[in-house]
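The structure appears right after this line, and notes come after that.
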Amino acid sequence: MNENIRLLKPLFRGLPIVIVVVIISVLSAKKYLTYVTPIYESTAKLRLADVHEGVPGANLFKDLDVFASSNKIATEIEVLKSTSLIEKTLDELPFSMEIYRKGAYRTSELFGNSPIHIEGTFKSDKLYDKRFSLNVISNDKFIISLPDEKVGKKGSFGKPISIKDAKFLITLNEDYINSRKEVKIVDKYEFEFLSHQKLMAKIDKDLDIVPVDKDVPVIRINLKSNVPEKAAMFVNKLAEMYIKDYIETKYRVANITVDFLNDEIKTANDKLTSSEDNIQNYRDERNIINVRQETETDLRKISQLKIQLTNVKMSLDAIKDLNKYIAASKGNYLSIAPNFEAFTDLLSTEMIKSMKKLQADKKDLLLTYTPENEKVKVIDAKIKDLMDYLVESIKNTQKNLQVKYDDLSKDIEESEKVFVGLPEKEKQLTILDREFNIYEKNYNFLNEKRIEAEIAKSAKIAFHKIIAPGEVNRSPISPISSIIIIVAAFLGLMGSVIMIYIVHFAKAKVNDAFTIEKNSSIPIAFETPYIKHREDIDAVFLKEAIQMELKGMIQKQSIIVLTSYDKASQHLFHSRNLIKAFIAQGRKVLVVDAMGQLEGLFNAEDYINYSDPKFLSKTKNIFEKEIYDKMKDYDLCFIHNQSIKDDKLALLFMSLASQNLMLLDSRETAEKSILKIELLKDEFQLNNLWFVLNKAGYNPSVFVEIKKFSEKYYKK
């Protein structure tokens with residue numbers, strides 16, 4: 001804690017300087033703010049249309065890449081920064097000419113508050129971006145001069161004036177003058193007509209367009225200007241021109257699209273008609289109504305014919321088997337029992353029944369008659385007639401079935417000829433139908449888009465929106481007065497503190513006991529405070545005399561030598577008052593004065609003056625003998641020595657001392673002197689060397705030191 005306080009002492013001492021420097025810094029900052037040109041900023045926020053949500057019209061062209069794509073924020077920012085859009089914006093704003101009121105220390109731009117109007121035309125571009133001087137000498141007259149020319153040309157308000165390749169018409173702004181009670185017209189002005197390149201460069205330098213957030217379709221348009229009205233006008237006009245350009249582009253694209261779609265629809269219609277004719281011609285040539293239905297009908301017909309053919313085949317096979325069986329019986333028909341399943345008509349059934357009945361009747365007759373009997377023969381004849389008829393009937397049935405079978409086979413064969421070339425027909429029809437469907441879809445799609453494009457062409461609206469227009473900001477963003485003042489005060493504070501410590505460390509004085517203890521092993525006998533009042537002197541030195549006695553520094557007939565490093569005047573005060581303190585304690589003190597500064601202050605018999613240069617030739621032994629001879633009747637001897645820098649008799653007297661006191665002044669003795677004294681002690685074996693710190697704890701104000709320095713300089 002003591003170390004921290006020790007380090008802060010220079011700051012406490014220089015606190016008045018710190019306060020003065022801070023006040024000067026703050027006043028300088030305020031003065032600077034009155035001359036510096038302020039910078040204002042205006043911000044407009046623009047919400048971009050989102051093609052994926054919101055009003056359905058925003059999705060008008062979402063399926064057609066020709067006119068719509070997702071609004072990428074970065075892309076729209078580049079559009080806003082584009083040269084073409086900024087040029088369109090500047091064409092709508094009166095920024096091409098700037099008028100300035102010229103003061104002694106500051107030139108300020110006049111925009112909307114200028115008492116004069118200036119119009120100009122140029123034959124060449126050489127006079128663009130040049131500052132013309134205009135000195136209004138009265139309410140009617142003025143003097144205009146070219147840049148870097150001292151002699152100007154006189155002119156009158158409302159009358160054209162020509163200068164080289166330029167012609168100007170300067171008039172009074174009556175509306176502005178009438179709106180203000182006191183308007184200063186007579187003054188010095190400057191004006192400049194900006195070239196396109198310079199105007200674009202100024203805007204590009206101060207324009208900043210950034211997104212509010214990467215995922216939010218809102219763009220912030222910022223412009224910095226020394227005229228707040230300019231900043232607000234530009235950002236609002238840029239946002240307005242962006243929306244206007246969007247609408248014009250959208251209308252132009254929609255108009256071009258409608259024309260394009262009309263041409264494409266006509267072409268698609270021709271192709272669609274041609275495709276329809278191709279399908280009709282192909283069907284007419286191949287007699288095709290409906291391939292699928294016709295194929296199904298033919299397949300069904302063939303299937304039925306094959307079923308019939310199968311049935312006839314089965315019946316034919318059965319008749320053939322029956323015919324073979326009967327032929328194998330060799331006329332003995334009644335002895336066989338054939339299967340008549342394939343020959344089941346009613347007539348055949350009745351004939352079989354009749355034959356069986358006749359056979360039964362014959363058997364009955366044979367029981368009575370012989371086979372030669374007429375009755376038996378008549379029955380045999382009947383049976384034979386029936387059998388012949390039956391056999392012939394079977395043969396005829398076989399022939400009929402065979403004819404049916406052959407006819408059915410031919411019909412099936414003819415029906416199957418229809419399927420010859422069917423895959424090719426289907427392939428061609430599929431190709432023709434596919435071509436027709438493509439043209440039809442294209443035709444329908446183009447018609448839908450034409451309707452949408454016509455709607456877009458008719459609807460001259462944009463879904464971009466200015467959600468926060470730029471406002472005229474009366475608080476400048478640069479310089480910020482509070483920050484400038486705070487920074488100036490801080491810099492003044494830090495500068496003054498650094499200066500104080502630089503001076504402090506550059507002087508490198510002893511300052512305090514800590515500095516002595518840090519740089520030397522020589523002990524400190526006592527520390528003398530800064531004595532403000534004379535009445536306190538005796539008490540302070542009596543206390544120090546007691547401290548010396550308690551530390552064993554005062555013995556019987558001790559020789560005490562008091563020395564300083566730089567000047568003897570530094571320890572004169574201590575020598576005089578320590579001697580008085582010893583005398584006040586009742587001690588008889590022999591005073592040896594090596595400088596002659598104590599003469600007349602003490603009794604002559606107790607005083608020896610060695611300040612005369614003749615004593616320089618004496619040796620140590622002579623001085624030692626004279627002093628010791630004189631000390632026989634004294635309690636102690638006090639030598640007021642020369643300074644170390646004088647180095648005539650200083651080291652000699654120090655070598656005679658029982659106790660050496662080396663005085664260090666906290667405000668005058670350099671810190672490096674401590675090390676030098678340490679080296680002298682080792683070199684000359686100066687035993688019993690003690691430091692005495694004068695003005696311990698004294699931390700005077702800088703103004704006090706400046707006053708002392710001024711007084712010394714004045715005396716010189």
Next on the checklist: Between Ile116 and Leu134, is the side-chain contact (heavy atoms from CB on, under 4.5 Å) condition met? List the steps.
Outcome noted: CA-CA 11 Å; Ile116 58 175; Leu134 181 68; 3.4 Å; yes
Checklist entry - Have Thr563 and His571 got a donor and an acceptor in their side chains that come within less than 3.5 Å? => result no
Next on the checklist: Working to the nearest 0.5 angstrom, can you tell me the gap between Lys630 NZ and Leu590 CG?
Outcome noted: 7.0 Å
Item to check | Any side-chain donor near an acceptor of the partner, Asn694 and Asp665, under 3.5 Å | outcome: yes
Next on the checklist: With heavy-atom distances below 4.5 Å as the criterion, would you say the side chains of Pro228 and Val472 are in contact?
Outcome noted: yes
Next on the checklist: Apply ring pair (Phe, Tyr, Trp, His ring centres under 6.0 Å) to residues Phe602 and Tyr607 and explain how you reach the verdict.
Outcome noted: CA-CA 7 Å; Phe602 303 101; Tyr607 178 76; 7.4 Å; no
Checklist entry - Are any side-chain N or O atoms of Asp129 and backbone N or O atoms of Ser195, one a donor and one an acceptor, separated by less than 3.5 Å? => result yes
Checklist entry - Do you know which two heavy atoms are closest between Ser114 and Asn173, and how far apart they sit? => result O-ND2, 3.0 Å
Checklist entry - Counting distance only, does the side-chain N/O of Ser666 pair as donor-acceptor with the main-chain N or O of Lys695 below 3.5 Å? => result yes
Checklist entry - So which heavy atom on Gln659 is nearest to which on Gly552, and how close? => result NE2-O, 4.2 Å
Next on the checklist: Pairing donors with acceptors under 3.5 angstrom, does anything connect the side chains of Asn473 and Glu41?
Outcome noted: no
Next on the checklist: Given 3.5 Å as the limit, does a donor-acceptor pair link the side chain of Ser496 with the main chain of Leu493, or not?
Outcome noted: yes
Item to check | Lys102 NZ: over 12 foreign heavy atoms closer than 6.0 Å | outcome: no
Checklist entry - Going by an N to O cut-off under 4.0 Å, is there a salt bridge joining Lys130 and Glu190? => result no
Checklist entry - Rounded to the nearest 0.5 Å, how far does CE of Met654 lie from CD1 of Ile559? => result 13.5 Å
Pairs under 3.5 angstrom only: tabulate donor-acceptor contacts from the side chains of residues 24-38 to other protein residues two or more places apart or in another chain.
{"unit_1": "Ser25", "atom_1": "OG", "unit_2": "Val21", "atom_2": "O", "d": "2.8"}
{"unit_1": "Ser28", "atom_1": "OG", "unit_2": "Ile24", "atom_2": "O", "d": "2.7"}
{"unit_1": "Thr34", "atom_1": "OG1", "unit_2": "Lys31", "atom_2": "O", "d": "2.4"}

Next on the checklist: Less than 4.5 Å apart, side chain to side chain, heavy atoms only: is that true for Glu109 and Lys230?
Outcome noted: yes
Item to check | Steps toward salt bridge (charged side-chain N to carboxylate O under 4.0 Å, His left out) verdict (Lys625, Asp629) | outcome: CA-CA 6 Å; Lys625 185 177 182 305; Asp629 289 344; 3.1 Å; yes
Checklist entry - Side-chain contact, heavy-atom cut-off 4.5 Å: Leu194 with Phe95? => result no
Checklist outcome for this item: Scanning both residues in full, the closest heavy-atom pair of Val561 with Ala657 reads CG2-CB, 3.2 Å
Checklist entry - Any cation-pi pair here, Arg576 with Phe541, using under 6.0 Å and within 45°? => result no
Next on the checklist: For Lys543, I'd like to know if atom NZ has over 12 heavy atoms of other residues, nucleotides or ligands within 6.0 Å.
Outcome noted: no
Checklist entry - Backbone N or O of Leu598 within a donor-acceptor pair of the Asp593 side chain at under 3.5 Å? => result yes
Next on the checklist: Just verifying a value: how many Å separate Ile177 CD1 and Arg180 CZ, rounded to the nearest 0.5 Å?
Outcome noted: 11.5 Å
Checklist entry - Is the side chain of Asn135 donor-acceptor paired with the backbone N or O of Lys188 at a distance under 3.5 Å, no angle test? => result no
Checklist entry - With a 4.5 Å heavy-atom cut-off, do Arg101 and Thr107 have their side chains touching? => result no
Item to check | From Lys509 atom NZ to Thr515 atom OG1, the distance as rounded to the nearest 0.5 Å | outcome: 12.5 Å
Donor-acceptor pairs are to be reported for all side-chain atoms of residues 580-589 against protein atoms at under 3.5 Å, with residues two or more places apart or in another chain.
{"unit_1": "Gln585", "atom_1": "OE1", "unit_2": "Arg587", "atom_2": "NH1", "d": "2.1"}
{"unit_1": "Arg587", "atom_1": "NH2", "unit_2": "Glu549", "atom_2": "OE1", "d": "3.2"}
{"unit_1": "Arg587", "atom_1": "NH2", "unit_2": "Glu549", "atom_2": "OE2", "d": "3.3"}

Item to check | Charged N-O contact under 4.0 Å between Lys532 and Asp536 | outcome: no
Next on the checklist: When you measure from the side chain of Ser225 to the backbone of Val227, do you find a donor-acceptor pair of N or O atoms at a distance under 3.5 Å?
Outcome noted: yes
Item to check | Residues Glu668, Lys567; criterion salt bridge (charged side-chain N to carboxylate O under 4.0 Å, His left out); working and verdict | outcome: CA-CA 10 Å; Glu668 296 183 13; Lys567 294 181 290 186; 5.0 Å; no
Checklist entry - Passes side-chain contact (heavy atoms from CB on, under 4.5 Å), Val235 versus Thr43? Steps please. => result CA-CA 7 Å; Val235 296; Thr43 301; over 6 Å; no
Checklist entry - Quick one: does Ile522's side chain get under 4.5 Å of Met662's, heavy atoms only? => result no
Item to check | Residues which pass side chain to side chain contact (heavy atoms under 4.5 Å, CB included) with Asp204, listed by chain and number, not counting sequence neighbours | outcome: none
Checklist entry - For the side chain of Ser643 and the backbone of Asp566, is there at least one donor-acceptor N/O pair under 3.5 Å apart? => result yes
Checklist entry - Does a side-chain N-to-carboxylate-O contact under 4.0 Å join Glu98 and Arg131? => result no
Checklist entry - Given the side-chain rings of Tyr610 and Phe623, with only the six-membered ring counted for Trp, is the space between their centroids under 6.0 Å? => result yes
Next on the checklist: Can you confirm whether Val22 sits close enough to Phe490 that some side-chain heavy atom of one is under 4.5 Å from a side-chain heavy atom of the other?
Outcome noted: no
Next on the checklist: Does Glu678 form a side-chain contact (heavy atoms from CB on, under 4.5 Å) with Ser521? I'd like the steps, not just the answer.
Outcome noted: CA-CA 8 Å; Glu678 184 81 23; Ser521 60; 3.1 Å; yes
Checklist entry - Any side-chain heavy atom of Ile554 within less than 4.5 Å of one from Leu636? => result yes
Checklist outcome for this item: Between Tyr634 and Gln557 the two heavy atoms that sit nearest each other are O-CG, 3.4 Å
Next on the checklist: Testing the basics here: between Ala568 and His640, what is the closest heavy-atom pair and its distance to 0.1 Å?
Outcome noted: O-CE1, 3.9 Å
Next on the checklist: Side chains of Leu207 and Phe234, heavy atoms from C-beta outward: is any pair under 4.5 Å?
Outcome noted: yes
Next on the checklist: Can you give me the closest heavy-atom contact between Ile674 and Ser520, atom names plus distance?
Outcome noted: CG2-CB, 3.4 Å
Item to check | Main-chain N/O of Ala525 paired to Lys551 side chain as donor or acceptor, under 3.5 Å | outcome: yes
Next on the checklist: Could you walk me through whether Arg667 and Tyr698 satisfy the side-chain contact (heavy atoms from CB on, under 4.5 Å) test, starting with their C-alpha distance in whole Å, then the side-chain angles of each, then the deciding distance to 0.1 Å, before giving a yes or no?
Outcome noted: CA-CA 8 Å; Arg667 304 309 313 158; Tyr698 181 48; 3.7 Å; yes
Next on the checklist: Does atom CD (Gln547) have a neighbourhood of more than 12 heavy atoms from anything else shown, all under 6.0 Å?
Outcome noted: yes
Next on the checklist: Rounded at 0.5 Å granularity, tell me how far CE in Met631 sits from SG in Cys637.
Outcome noted: 5.5 Å
Next on the checklist: With a 3.5 Å distance limit and no angle check, can you tell me whether Asn621 reaches the backbone of Thr619 through a side-chain donor-acceptor pair?
Outcome noted: no
Checklist entry - Is the number of heavy atoms from other residues, nucleotides or ligands under 6.0 Å of Lys198 NZ greater than 12? => result yes
Checklist entry - Is a side-chain N or O of Gln685 found less than 3.5 angstrom from the main chain of Asp682, in a donor-acceptor match? => result no
Checklist entry - Out of curiosity, Glu544 CD to Phe526 CZ, how far, rounded to the nearest 0.5 Å? => result 4.5 Å
